[in-house]
Number of protein chains: 2
Amino acid sequence: MRKGEETRAKILDAAEISVLAKGFAATSIDELIAETGITKSGFFYHFRDKNELAKALLERYVENDERIYDEIFSRARELADDPLQAFLLGLKLLSELLSDLPNGHPGCLVAVICSHERAFDRDIQEINRQAALMWRRRFGAMFRDIMQVYRPREPLDVDQLADMVSTVIEGGIILSKALKEPKNLPAQLLVFRTFIRLLFQPAAS
Amino acid sequence: MRKGEETRAKILDAAEISVLAKGFAATSIDELIAETGITKSGFFYHFRDKNELAKALLERYVENDERIYDEIFSRARELADDPLQAFLLGLKLLSELLSDLPNGHPGCLVAVICSHERAFDRDIQEINRQAALMWRRRFGAMFRDIMQVYRPREPLDVDQLADMVSTVIEGGIILSKALKEPKNLPAQLLVFRTFIRLLFQPAAS
DNA sequence: GCGAAAACTGTACCGATGGTAGGGAAACGG
DNA sequence: CCGTTTCCCTACCATCGGTACAGTTTTCGC
């Protein structure tokens with residue numbers, strides 16, 4: 001019903017913040033129920049165990065992630081006719097969005113799960129894998145569109161190029177955190193943007 | 001003395017494997033002492049608490065990491081006179097090294113710490129930050145050498161370019177794990193290598 | 001407004017885990 | 001052979017994930 005989903009969402013909200021800050025294992029159920037204002041029984045009414053919490057958390061995170069990418073790149077597609085220009089614009093919009101986060105990117109749940117790998121069951125690892133594959137498909141489609149118009153100066157595998165987008169984002173998040181320089185992630189995205197521009201730049205005449 | 005360091009190293013060995021596989025919190029002291037063949041008291045003789053284990057673990061990891069980079073890129077420097085060719089060769093050697101790991105890269109401790117951020121004290125976060133800064137200095141110096149000989153086709157900040165190496169490696173590790181495609185990381189490194197080659201390619205005449 | 005289902009609360013308990021305390025005992029080094 | 005290092009043993013504590021289950025309040029459809 002309505003109320004139940006609301007409580008569930010509040011638990012997930014609290015969990016997401018804590019998990020991204022401290023990791024999954026360090027996020028205690030006691031802490032979550034204190035934050036949400038329910039009891040332990042209430043928690044276990046919504047989630048059979050912590051693993052199910054992780055699953056719900058990851059599913060919600062991935063969906064939200066996809067929504068953000070949808071918005072940004074469809075907006076970019078509206079503003080630019082050319083597929084290359086649209087992609088470059090999308091990267092810039094994404095970079096600006098990340099730059100506007102006051103404390104930097106809070107962290108990616110997919111990466112957190114990867115760092116915990118063997119602590120989670122197959123279900124969760126499969127969700128993670130599917131998320132990465134969706135990114136590959138999304139950006140792969142964009143690069144294919146681009147390649148219908150532009151010839152890359154160097155032959156590159158489309159999937160690997162698509163994966164590079166995720167690689168830069170995930171790596172950028174980590175480096176930003178390690179360095180405590182929130183602007184690092186948006187900056188890295190713009191460096192990558194330059195690479196893409198270079199790759200599809202028509203050979204100087 | 002000798003014996004003590006040996007035991008300490010055995011603990012760290014077991015801890016590193018487990019932490020990279022399951023995360024830090026999921027790595028129990030009981031498990032480590034079982035693996036090492038000592039008792040709980042023995043463990044706490046070597047490490048005051050788990051946080052000190054993490055610190056020692058990270059310090060050792062970072063040192064080892066630096067050693068590997070030293071070896072690879074000094075070898076590359078021996079084989080190629082030109083700084084750009086040396087760097088490109090180094091990336092290739094690194095890619096091959098990573099490709100030869102049967103189960104893929106086991107994971108980067110720096111990234112694990114980042115995913116656990118607030119669970120660790122300032123000391124550890126500072127070691128992490130210094131590690132990332134050392135990478136920046138290392139690769140930054142290489143790019144500076146390159147730029148004494150080659151002009152980049154696009155103006156790029158040297159530090160950001162240097163950070164991109166770490167970004168691709170860290171991001172590649174995560175993506176490889178998420179996708180369960182160990183070859184992804186070496187492949188991403190080679191894509192990055194192509195970008196660098198493009199960046200410093202003399203303009204077509 | 002009523003009944004049933006949904007959404008909780010309360011209490012009591014269990015095993016594993018991180019950590020503490022302190023009294024030893026081998027092993028090793030000088 | 002003496003002292004330091006390097007451990008072992010026992011006992012104990014708080015926290016945490018999780019179970020069990022009975023009871024209570026809220027909410028919703030009708």
Side-chain angles (χ1 to χ4, degrees), chain A residues 1-58 60 112-113 115-121 123-124, chain B residues 1-58 60 112-113 115-121 123-124:
Chain A
M1 307 287 174
R2 203 54 158 296
K3 181 77 181 310
E5 281 168 22
E6 208 175 285
T7 306
R8 204 182 137 96
K10 273 210 286 185
I11 298 173
L12 289 173
D13 286 343
E16 186 169 318
I17 291 171
S18 182
V19 168
L20 289 178
K22 304 189 299 183
F24 187 72
T27 298
S28 74
I29 295 178
D30 284 348
E31 170 196 342
L32 297 181
I33 65 180
E35 194 92 10
T36 317
I38 58 170
T39 63
K40 214 172 181 180
S41 311
F43 174 87
F44 283 107
Y45 172 77
H46 287 287
F47 304 99
R48 202 185 310 123
D49 52 28
K50 231 185 159 190
N51 227 306
E52 224 186 54
L53 171 70
K55 199 172 154 187
L57 209 58
L58 183 59
R60 198 182 72 148
V112 172
I113 302 284
S115 307
H116 284 157
E117 236 186 357
R118 299 227 170 274
F120 295 106
D121 54 27
D123 273 14
I124 292 185
Chain B
M1 303 293 171
R2 205 52 159 296
K3 181 77 180 308
E5 281 169 22
E6 208 174 285
T7 306
R8 202 182 137 97
K10 274 209 286 185
I11 298 173
L12 288 173
D13 286 342
E16 186 168 318
I17 292 170
S18 182
V19 167
L20 289 178
K22 304 189 298 183
F24 187 72
T27 297
S28 74
I29 295 178
D30 283 348
E31 171 196 341
L32 296 181
I33 65 180
E35 194 91 11
T36 317
I38 58 170
T39 63
K40 215 170 180 182
S41 311
F43 174 87
F44 283 107
Y45 171 77
H46 289 287
F47 305 99
R48 202 184 311 123
D49 51 30
K50 234 186 156 189
N51 225 306
E52 223 186 53
L53 171 69
K55 198 172 156 186
L57 209 57
L58 183 59
R60 200 182 70 149
V112 172
I113 303 284
S115 307
H116 282 158
E117 237 186 357
R118 299 228 169 274
F120 295 107
D121 55 26
D123 273 15
I124 292 184

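Residue numbers start from 1 in every chain, and the chains themselves are labelled A, B, ... in the order their sequence lines are given, proteins ahead of strands. Quick caveat: nothing in here was measured; it's all calculated off a predicted structure.
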**OP:** In whole angstrom, give the distance that lies between atom CZ of Phe43(A) and atom P of dG10(C).
**Re:** 18 Å

Subject >> Candidates dG18(D), dG18(C), dC8(C) - which lies nearest the side chain of Thr7(A) >> reply: dC8(C)

**OP:** Can you measure from CZ (Arg48(B)) to CZ (Phe43(B)) and round to the nearest 0.5 angstrom?
**Re:** 12.0 Å

Original post:
Within the structure shown, what part of the strands sits under 4.0 Å from Arg48(B) by heavy-atom distance: base, sugar-phosphate, or nothing?
Top reply: sugar-phosphate

Original post:
Taking the side chain as C-beta and beyond, is there a heavy-atom pair between Leu53(A) and Ile29(A) under 4.5 Å?
Top reply: no

Subject >> d(CD, Glu52(B); C1', dG18(C)) in whole Å >> reply: 15 Å

Original post:
Think Tyr45(A) has a side-chain N or O under 4.0 angstrom from the OP1 or OP2 of dA7(C)?
Top reply: yes

Original post:
Could you state the CG-C1' distance from Asn51(B) to dT17(C), rounded to the nearest angstrom?
Top reply: 16 Å

**OP:** Look at the side chain of Lys50(A) and the base of dG18(D), then say whether one donor and one acceptor between them are separated by less than 3.5 Å.
**Re:** no

**OP:** Quickly work out the Phe44(B) CZ to dA21(C) P distance and round it to whole Å.
**Re:** 12 Å

Subject >> N/O donor-acceptor pair, side chain Thr39(A) with base dG10(C), under 3.5 angstrom >> reply: no

Original post:
Which one of Thr7(A), Thr36(A), Leu57(A) satisfies the side chain to side chain contact (heavy atoms under 4.5 Å, CB included) criterion with Leu12(A)?
Top reply: Leu57(A)

**OP:** With heavy atoms under 4.0 Å as the rule, sort Thr36(B) into base, sugar-phosphate or nothing.
**Re:** nothing

**OP:** Report yes if the side chains of Arg60(B) and Asp13(B) come closer than 4.5 Å at any heavy-atom pair, otherwise no.
**Re:** yes

Original post:
Which whole-number value in Å describes the distance from Ile29(A) CD1 to dA14(D) P?
Top reply: 21 Å

Original post:
Rounding to a whole Å, what distance do you find between Leu53(A):CG and dG18(D):P?
Top reply: 10 Å

Subject >> Phe47(B)/Lys55(B) under side chain to side chain contact (heavy atoms under 4.5 Å, CB included): CA gap, chis, key distance, verdict >> reply: CA-CA 10 Å; Phe47(B) 305 99; Lys55(B) 198 172 156 186; over 6 Å; no

Subject >> Any N/O donor-acceptor pair, Lys40(A) side-chain to dG10(C) base, under 3.5 Å >> reply: no

Original post:
According to a strict under-4.0 Å criterion, is His46(A) in side-chain N/O contact with OP1 or OP2 of dC8(C)?
Top reply: yes

Original post:
Do the side-chain N or O atoms of Ser41(A) get closer than 4.0 angstrom to the phosphate oxygens (OP1, OP2) of dC21(D)?
Top reply: no

Subject >> Rounded interatomic separation in angstrom, taking CD from Glu5(A) and P from dC8(C) >> reply: 11 Å

